[in-house]
Amino acid sequence: MCTDNQTDVTEILLLGFHDLNNSKIPLFILFLLIYSVILFGNFIIIFLVMFNENLQIPMFFFLKHLGSADILLTTNIVPMMLHVIVNEEMVITLVGCLCQLYFFGVSGFVQCFLLAVMSYDRYLAVCYPLHYLSIMTPNVCLQFVVGCWILVFVIITTGLILVCQLHFCGFNQVDHFFCDFGPVVALSTSDTSVVTMYDFISSIPIISVPFVFIIGSYVLIFITILRMNSKTGKQKMFSTCSSHLTVVCTYYGTQIIVYMGPTGGKYADMKKFLSLLYIVITPFMNPIIYSLSNKEIRESLKKYIKVK
């Protein structure tokens, strides 16, 4: 409980980025353009997959849900980040801060499981092409996606319940551009050992296990590609898989550093800028690398434009 000379924290002051000076407007324009591309690209993919029968295959079904998670993640954070960049700080209610933290956790970490499922999908398509469609049936794909969302909801909801048990008194400044777990928990005047331990333990099935699974899947995919006789087929497969793996390593690598790496004030600025990679850059790259560079997506988009 708060002492007599302390008050309950009802508002959080986000300090954002320091000493931007003349960089504020260029950064605002840059991130606004990136956010617009993220929305535009992912909405196009979702629309095409939903209404084009030629795209009713497992890979695009998973991409549709990955795009939905990207939209939820960026819309939850980027508009606030733009406000923080221009005004150099922002006040948000504690309830609003916890809500943002919750939706950030759900939309951000469901992508870890979706990327793992997509790597399994690519593994089956490359290594077992004759059995692919019999294994990845529409019902199985739906079970995978629903399982991803339910698992993340359970883990993140449990974490939020633990955070809500904490007391926040006196100091209310967060040195970040959004309500991230570490900086928010650091404000609490309660014992945070249980919450911190839960955060570390839950990051193992959310981040570490899917990452190892993805790396293992792509190792087996690369081994299969090396056994191919067609030189052109090898080059195409390597190019596609390498770009996918680049996005995955960027997304997981930054999350491992931010959520499983060392803590402390001297790491705050580094983690703040690393957060931009999986909040802004990766969602920006996903529709380009996974979808808009795909022949089927491009052909469907051309047909739709011609019809209109």
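Computed over heavy atoms, backbone and side chain alike; hydrogens, waters and symmetry mates excluded. The first residue of the sequence shown is numbered 1, and numbering continues consecutively from there.
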* Within a radius of less than 6.0 Å around CZ of F213, do more than 12 heavy atoms belonging to other residues, nucleotides or ligands occur? -> yes
* Side-chain donor-acceptor contact under 3.5 Å, D121 with Y132 -> yes
* Asked: Looking at the rings of Y123 and Y128, which for Trp means the six-membered one, are their centres under 6.0 Å apart?
  -> yes
* Asked: Ignoring hydrogens and geometry, is there a side-chain-to-backbone donor-acceptor pair from N172 to V9 under 3.5 Å?
  -> no
* To do: Consider only side-chain N and O atoms of Q111 and D70, and report whether a donor and an acceptor are under 3.5 Å apart.
  => yes
* **Q56 side chain to N52 backbone, donor-acceptor under 3.5 Å** => yes
* Fellow cluster residues of L72, listed by chain then number, with links counted only when side-chain atoms sit under 4.5 Å apart -> none
* side-chain contact (heavy atoms from CB on, under 4.5 Å) partners for T93, two or more places apart -> V95
* Worked verdict on L276 versus F31 for side chain to side chain contact (heavy atoms under 4.5 Å, CB included) -> CA-CA 10 Å; L276 289 172; F31 286 124; 4.1 Å; yes
* For N42 and I38, indicate whether the former's side chain and the latter's backbone hold a donor-acceptor pair under 3.5 Å. => yes
* **Donor-acceptor pair, side chain of T192 and main chain of V185, under 3.5 angstrom** => no
* Are I71 and L115 connected in a single hydrophobic cluster, I mean Ile/Leu/Val/Met/Phe/Trp/Tyr linked by side-chain heavy atoms less than 4.5 Å apart? -> yes
* To do: Say whether F61 and V140 are linked into one hydrophobic cluster, either directly or through other cluster members, by side-chain heavy-atom distances under 4.5 angstrom.
  => yes
* Structure fact -> Interatomic distance, CZ@F109 vs CG@L151, rounded to 0.5 Å, equals 12.5 Å
* Evaluate side-chain hydrogen bond (donor to acceptor under 3.5 Å, both in side chains) for D191 paired with S193, printing each intermediate quantity in order. => CA-CA 6 Å; D191 179 11; S193 57; 3.0 Å; yes
* Asked: Given the rule that I, L, V, M, F, W and Y join up when any side-chain heavy atoms are under 4.5 Å apart, are L13 and V86 in one cluster?
  -> no
* Structure fact -> Sorted by chain and number, sequence neighbours left out, side-chain contact (heavy atoms from CB on, under 4.5 Å) with V212 holds for none
* Asked: Is there a donor-acceptor pair under 3.5 Å between the side chain of S188 and the backbone N or O of H167?
  -> yes
* Asked: When you measure from the side chain of Q100 to the backbone N and O of C179, does any donor-acceptor pair fall under 3.5 Å?
  -> yes
* Asked: Would you find a donor on one side and an acceptor on the other, under 3.5 Å apart, between the side chain of N87 and the backbone of H83?
  -> yes
* To do: Keeping the roles fixed (side chain from T157, backbone from V154), state whether a donor-acceptor pair exists under 3.5 Å.
  => no
* Asked: Is the Y102 ring parallel, tilted or perpendicular to the F153 ring (thresholds 30°, 60°)?
  -> tilted
* Using a distance-only test with no angle check, is there a side-chain donor-acceptor pair under 3.5 angstrom linking Y252 and S208? -> no
* To the nearest 0.5 Å, how far apart are CE in M90 and CZ in F177? -> 13.5 Å
* Near-ring test F51/F47, centroid separation under 6.0 angstrom -> yes
* Structure fact -> The reported gap from CE in M81 to CD1 in I279 (rounded to nearest 0.5 angstrom) is 8.0 Å
* When rounded to the nearest 0.5 angstrom, what distance separates CG in N286 from CD1 in I45? -> 8.5 Å
* To do: Quick one: pull up CZ in F62 and CD1 in I57 and give me the separation to the nearest 0.5 Å.
  => 10.5 Å
* Transitively linked via ILVMFWY side-chain contacts under 4.5 Å: I221 with I215? -> yes
* Sort out for me which residue in D8, L187, I12, T10 forms a side chain to side chain contact (heavy atoms under 4.5 Å, CB included) with L94. => I12
* Atom pair CE/CG of M80 and L14 - distance to nearest 0.5 Å -> 6.0 Å
* Using the rule that two of Ile, Leu, Val, Met, Phe, Trp, Tyr join whenever any of their side-chain heavy atoms come within less than 4.5 Å, decide whether V91 and F168 are in one cluster. => no
* Mind telling me whether F222 and Y218 have parallel, tilted or perpendicular rings, with 30° and 60° as the class edges? => tilted
